[in-house]
2 protein chains.
Amino acid sequence: MFSSYRLLIPNFNTAPRPPSSDLLAILEDQGYRSTYQRRTVVGMLERKGDGFTAEEVAEELPKVGRATVYRTIKLLLKAGMLCKLPLPNGAHKYIMARAEHHHHTVCVRCGAVGEFRNSTVERVLRAIGSDMPGEIVGHRMELYLICRDCLNAPAE
Amino acid sequence: MFSSYRLLIPNFNTAPRPPSSDLLAILEDQGYRSTYQRRTVVGMLERKGDGFTAEEVAEELPKVGRATVYRTIKLLLKAGMLCKLPLPNGAHKYIMARAEHHHHTVCVRCGAVGEFRNSTVERVLRAIGSDMPGEIVGHRMELYLICRDCLNAPAE
DNA sequence: CTCATAAACGATACAATGTATCACTTTGTA
DNA sequence: TACAAAGTGATACATTGTATCGTTTATGAG
C-alpha cells in the first residue's frame with residue numbers, strides 16, 4: 001500500500017482529464033482562443049511544479065493583467081486542469097491536475113505539497129457512497145503532515 | 001458499513017474534543033472569559049444545526065460587533081469546537097464539531113450538510129500515514145453529492 | 001488578405017471574508 | 001472596590017476574487 005496525494009475535485013468532476021500534457025491544445029479543442037496571455041499563464045503554471053497562488057502568478061507576469069490571470073485560472077479549474085488545494089491556514093494554492101486520480105499532502109510547517117494515490121481509499125469511498133442517501137458526485141481529501149525536511153530542521 | 005460525514009481538522013488536531021456540550025464552560029476552563037458577546041454567539045451557534053457563515057451570525061446578532069463575531073468563531077475553531085467546511089463554490093460554512101470523529105457531506109445543489117463516520121476509512125488513512133515520509137498531523141475529507149431531496153425535486 | 005465579429009483583455013471598481021488597530025469597557029480577582 | 005488584563009466596537013485595511021466596460025485581438029468568411 002503506497003501513496004502520493006491529490007485533490008480530486010476541481011469542479012466536482014470525478015473523471016480524470018485526458019492524458020495529454022498540452023493544456024493549450026485542450027483549451028483550443030474546447031473552443032477557447034489561444035491568446036498571448038493564456039499561453040503565458042499556462043506556460044508558467046506548467047513550469048511551477050509545487051503549487052502557486054493566483055497573486056503569485058499575477059506578480060510574476062506583469063505583462064498579463066491581474067483579471068486575466070484570475071480568468072485563466074478559473075478557466076483551467078472549470079476545465080479540470082487545475083486543483084484548488086486548501087491550506088491549513090485557510091488560504092489555498094492551485095496545482096496542476098494530473099491525469100490519474102490522486103490526493104494531496106500538505107506540510108503544515110512549510111506548505112510543501114505532495115501527492116498520493118491509494119486504491120483502497122477509493123474503493124472504501126465508493127462503498128460508502130453506495131450507502132449514502134443521494135448521488136455522490138465527488139470527494140475531496142487531504143492529508144496534513146510535517147514533512148521530513150521540517151522534522152529534520154533544527155528550528156521549532 | 002454506514003455513514004455520516006465530518007470535517008476532521010479544525011486546526012489540524014486529530015484529537016476529538018471532550019464530550020461536554022457546554023462550550024462556554026470549556027472556554028472558561030481554558031482561561032477565556034465569559035462575556036455577554038461570547039455567550040450570545042456560542043448560544044446561537046449551538047442552536048444552528050446545519051452550518052452557518054460568519055456574516056450570517058453577525059447579521060442575526062446586531063448587538064454583537066462584527067469583529068467580535070469573527071474573533072469568537074476563530075477562538076472556537078482554535079479550540080476545536082467548530083469545523084470550517086469548504087463548499088463546492090469556493091465559499092465555506094462553519095459547523096459545530098462533534099465529539100466523535102466523523103466527516104461531512106455537502107449537497108452541491110442546495111448546500112445541505114450531512115455527516116458520516118466510517119472506521120474503515122480511518123483505518124486505511126492511518127495505514128497510509130505510516131507509509132508516508134513525515135509525521136501525519138491530520139486529514140480532511142468531504143464527500144460531495146446531490147442529496148435525496150434535490151434528486152427528487154422537479155427543477156434541474 | 002482583409003475585414004467583421006465574437007472573444008478576450010486591461011483597468012478599475014466593487015464584493016466577500018476576514019484581520020489589525022486602538023481607544024474604551026468589562027471581567028475576574030486581590 | 002479598584003486595578004490590570006482581557007475583551008470589545010468602530011473602522012480601516014488586507015486578501016482574493018468578480019463585474020463592468022471601453023479597447024484590442026483572434027479567427028474565419030469572403
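Here is the naming used below: chain letters follow the sequence lines, and residue numbers restart at 1 for every chain.
B/Ile73 and B/Tyr70 sit in two unconnected hydrophobic clusters of ILVMFWY residues. Membership requires side-chain heavy atoms under 4.5 Å apart, directly or through other members.
Remark: P of D/dA14 and CD of A/Glu59 are 14 Å apart, rounded to the nearest angstrom. One atom, CZ of A/Arg71, and another, P of C/dT12, lie 14 Å apart when rounded to the nearest Å. Put simply, CD on A/Gln30 is 15 Å from P on D/dT27, counting in whole angstrom units. Computed from coordinates, the A/Leu75 CG to D/dG17 P distance equals 15 Å when rounded to whole Å. When rounded to the nearest whole Å, the span between NZ of B/Lys74 and P of D/dG7 equals 13 Å. Taking atom CG on B/Leu77 and atom C1' on C/dG18, their separation rounds to 12 Å, with Å as the unit. One atom, CD of B/Glu28, and another, C1' of C/dT29, lie 14 Å apart when rounded to the nearest Å. Taking atom CZ of B/Arg33 as the reference point, atom P of D/dT8 lies 10 Å away to the nearest angstrom.
Of all nucleotides listed (C/dA8, D/dG7, D/dT8), C/dA8 comes nearest to the side chain of A/Tyr32. The side chain of A/Ala54 sits closest to D/dG17 out of C/dA11, D/dG17, C/dT27. Side chain of A/Tyr70, nearest nucleotide from D/dG17, C/dT12, C/dA8: D/dG17.
Residue B/Arg66 places a side-chain atom within donor-acceptor reach of the base of C/dG18, judged by atom type and a 3.5 Å distance cut-off alone.
Listed pair B/His92 / D/dT16 fails the phosphate criterion, with no side-chain N or O lying under 4.0 Å from OP1 or OP2.
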Check the pair A/Tyr36 / A/Lys63 against side-chain contact (heavy atoms from CB on, under 4.5 Å), numbers first and verdict last.
CA-CA 10 Å; A/Tyr36 164 77; A/Lys63 301 183 72 172; 3.7 Å; yes
Under the criterion side-chain contact (heavy atoms from CB on, under 4.5 Å), I'd like the reasoning laid out for A/Arg38 against A/Leu75: C-alpha separation, chi angles, the key distance, then a yes or no.
CA-CA 10 Å; A/Arg38 284 187 183 151; A/Leu75 190 67; 3.8 Å; yes
Quick one: do B/Met81 and B/Leu27 satisfy side-chain contact (heavy atoms from CB on, under 4.5 Å)? Show the steps, please.
CA-CA 10 Å; B/Met81 299 171 196; B/Leu27 284 183; 4.0 Å; yes
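Within the nucleic acid shown, A/Arg38 comes within 4.0 Å of sugar-phosphate atoms alone, with no base atom in reach, counting heavy atoms only.
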